[in-house]
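Heads up: the structure comes next, in structure tokens.
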Amino acid sequence: MRNTIQNLFNDQLDTWMLAKNNYAALEQVRVKELIVNGIGYKVQFNPARIVSSAAKVDSKSIQERKCFLCPAHLPAEQKGIPFGERYTLLVNPFPIFPRHLTIPEKAHVDQRILMRIGDMLDLAATLPDFVIFYNGPKCGASAPDHAHFQAGNKGFLPIEQQWKTRREKRIVTQGEATLWLLNDAPRHTLVIESRHKEEAVELFHRIYNALDQQADQEEPMMNVLAWFETNGEQNQDSGTYVVCVFPRSLHRPSCYTAEGEANMLISPASVDMGGVFIMPREADFEKITATDIANILTEVCLSAEALESLIERIKQ
């Protein structure tokens, strides 16, 4: 699969000018690092991502536009690789990562995670060079009407290494799988560590069922990252699944709709939660501070009290 994906990228960047230009532009993106409560976050100025950050995801806007993930509406230049019977691996033409995939279902069905977490782990094990991510319908998904994952090459997100040293509390175990709470407030990350897919799925379901869900929401608000650590061996029987779950309380922070200097176009999704904040406007990139990131995370993530309540429900 590694060679197949590399060939897909080579072909798409040779034949699809939009993708070619946007991947070339990645080499010029500006990045700075900020420290929030002792944890490093990167900030990336990436103008091409305004398509996602400013996406209108209200029901009226979605109903009035064609779904850009449906096979019938893909650009003529965009080619894909089948994954199982339901998914297609596509090169994302608006990349954050040097290698960035979008993985939509072939059918036009709503963005939901509960019955697809097993698919997410299958992707992680099949694509061990990538981190797989899921954005909830009100947590950064620019296509909440079409089920999809994304994937980005490993080595990009700070949390890939941070979780190993930030494990603060063992919440529960499920067979040989463990659910950890990281010491990373105000982000509040739950991490599943498991050698077995089935036990990781069971722990995820336990988290999902314990999360609050508001009456007007399609599912509990969350972002999810997953990857497979192979320990140097390309063998699904000798590695570890790592799943980071970021419970959310808000879609977008107050700065998104603020006026004047207080306004910043930031709509946090899985990549931001993983430690790389994406800023499509240069002025926002210049002015954002560690205090701003702390405030944004405080707004969109669970409060300390809500987190403790969630943990108690998971334990029951």
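Just so you know, residue 1 is the first one in the sequence shown, and it goes up from there.
Of the inter-residue distances, the one linking Phe246 atom CZ with Leu225 atom CG reads 4.5 Å to the nearest 0.5 angstrom. Separating the CD1 atom in Ile81 from the CG atom in Leu89 is a distance of 5.5 Å, to the nearest 0.5 Å. Atom CH2 in Trp16 sits 9.0 Å away from atom CG in Asn22 (nearest 0.5 Å). Rounding to the nearest 0.5 angstrom, the gap separating the CD atom in Gln78 from the OG1 atom in Thr102 is 7.5 Å. Going from atom CE of Met17 over to atom CG of Asp14 covers 10.0 Å, rounded to the nearest 0.5 Å. Rounding to the nearest 0.5 Å places SG of Cys244 at 12.5 Å from CE of Met273.
Of all the heavy atoms in Lys287 and Asp292, the pair that sits closest is O-OD2, 3.6 Å. The shortest heavy-atom contact between Ile159 and Trp227 is O-CH2, 4.2 Å. Leu121 and Tyr241 get closest at one heavy-atom pair: O-CE2, 3.5 Å. The nearest pair of heavy atoms linking Ile296 to Pro268 is CG2-CG, 3.8 Å. Shown here for His251 and Met221, the closest heavy-atom pair between the two residues is N-CE, 3.4 Å. Contact between Val276 and Pro158 at its shortest, heavy atoms only, is CG2-CD, 3.7 Å.
With Glu160 contributing its side chain and Phe156 its backbone, the two residues share a donor-acceptor pair below 3.5 Å. The closest donor-acceptor contact from the side chain of Arg187 to the backbone of Cys301 lies at 3.5 Å or more, if one exists at all. Between the side chain of Gln12 and the backbone N or O of Glu77, at least one donor-acceptor pair lies under 3.5 Å. Within the 3.5 Å criterion, the main-chain N or O of Ile278 finds a donor-acceptor partner in the side chain of Asp272. The closest donor-acceptor contact from the side chain of His146 to the backbone of Ala107 lies under 3.5 Å. The backbone N or O of Phe285 sits less than 3.5 Å from a side-chain atom of Lys32, completing a donor-acceptor pair. In this structure a side-chain-to-backbone donor-acceptor pair under 3.5 Å is present from Asn263 to Cys255. Proximity of a side-chain donor or acceptor of Asn37 to a complementary backbone N or O of Ala185 within less than 3.5 Å is detected. Proximity of a side-chain donor or acceptor of Glu219 to a complementary backbone N or O of Ile113 within less than 3.5 Å is detected. Put simply, the side chain of Thr126 never gets that close to the backbone of Leu123: no donor and acceptor are under 3.5 Å apart.
Each of Val224, Asn223, Val271 was compared with Asn135 under the side chain to side chain contact (heavy atoms under 4.5 Å, CB included) criterion, and only Asn223 meets it.
Here Glu193 does not pair with Arg170 in a salt bridge; the nearest charged N to carboxylate O distance is not below 4.0 Å. Salt-bridge formation is detected for the pair Lys197/Asp122: a Lys NZ or Arg NE/NH1/NH2 atom is positioned less than 4.0 Å from an Asp or Glu carboxylate oxygen. At a threshold of 4.0 Å, the pair Lys79-Asp11 does not count as salt-bridged, since none of the basic side-chain nitrogens sits closer than that to a carboxylate oxygen.
Both Met115 and Met120 belong to a common hydrophobic cluster when Ile, Leu, Val, Met, Phe, Trp and Tyr are linked at side-chain heavy-atom distances under 4.5 angstrom. Both Met264 and Val36 are assigned to one and the same hydrophobic cluster, defined by single-linkage of ILVMFWY side chains at heavy-atom distances under 4.5 Å. When hydrophobic clusters are built by joining Ile, Leu, Val, Met, Phe, Trp and Tyr residues whose side-chain heavy atoms come closer than 4.5 Å, directly or via intermediates, Phe94 is not grouped with Leu74. By the criterion of side-chain heavy atoms lying less than 4.5 angstrom apart, applied directly or through intervening Ile, Leu, Val, Met, Phe, Trp or Tyr residues, Phe68 is not grouped with Leu101; the two fall into different hydrophobic clusters.
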Original post:
Where do Gln111 and Tyr134 land on the side-chain contact (heavy atoms from CB on, under 4.5 Å) test, with the steps shown first?
Top reply: CA-CA 9 Å; Gln111 179 79 327; Tyr134 171 84; 3.3 Å; yes
Original post:
Checking side-chain contact (heavy atoms from CB on, under 4.5 Å) for the pair Ile39/Gln162: CA distance, chi angles, key distance, verdict?
Top reply: CA-CA 8 Å; Ile39 298 175; Gln162 291 170 349; 3.5 Å; yes
**OP:** Mind running side-chain contact (heavy atoms from CB on, under 4.5 Å) on Tyr208 and Ile117 for me, showing each step along the way?
**Re:** CA-CA 11 Å; Tyr208 186 102; Ile117 185 64; over 6 Å; no
Subject >> Residues Asn92, Gln150; criterion side chain to side chain donor-acceptor pair (under 3.5 Å); working and verdict >> reply: CA-CA 8 Å; Asn92 190 317; Gln150 294 183 66; 3.3 Å; yes
**OP:** In sequence, state the C-alpha distance, the side-chain angles, and the governing distance for Tyr41 and Leu297, and then conclude on side-chain contact (heavy atoms from CB on, under 4.5 Å).
**Re:** CA-CA 12 Å; Tyr41 287 82; Leu297 291 172; 3.5 Å; yes
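Within the 4.5 Å cutoff, no side-chain heavy atoms of Ile5 are placed close to those of Asp129. In this structure, the side chains of Met279 and Ile266 come closer than 4.5 Å at one or more pairs of heavy atoms. For the pair Leu114/His205, a side-chain contact is recorded, criterion being any heavy-atom separation below 4.5 Å from C-beta on. In this structure the side chain of Glu202 never reaches within 4.5 angstrom of the side chain of His196, judged on heavy atoms. Residues His148 and Leu90 are not in side-chain contact: their nearest non-hydrogen atoms beyond the backbone lie 4.5 Å or more apart. The shortest distance between side-chain heavy atoms of Arg167 and Leu182 falls below 4.5 Å. In this structure, the side chains of Glu229 and Val242 come closer than 4.5 Å at one or more pairs of heavy atoms. Counting heavy atoms from C-beta outward, Leu190 and Leu181 have side chains that approach closer than 4.5 Å.
Using cut-offs of 30° and 60° on the angle between ring planes, the pair Phe149 and Tyr87 is tilted.
Residues satisfying the side-chain hydrogen bond (donor to acceptor under 3.5 Å, both in side chains) criterion with Glu198, sequence neighbours excluded, are absent altogether.
Under the 3.5 Å distance criterion, with hydrogens and angles disregarded, no donor-acceptor pair is assigned to the side chains of Asn7 and Thr4. Neither side chain, Glu299 nor Asn295, offers a donor N or O lying under 3.5 Å from an acceptor on the other.
A centroid separation of less than 6.0 Å is found between the aromatic rings of Phe133 and Phe97.
For residues 81-107, the salt bridge (charged side-chain N to carboxylate O under 4.0 Å, His left out) pairs, not counting sequence neighbours, are Arg86-Glu105, Arg86-Asp119, Glu105-Arg116.
Within a 6.0 Å sphere centred on NZ of Lys20, other residues, nucleotides and ligands contribute 12 heavy atoms or fewer.
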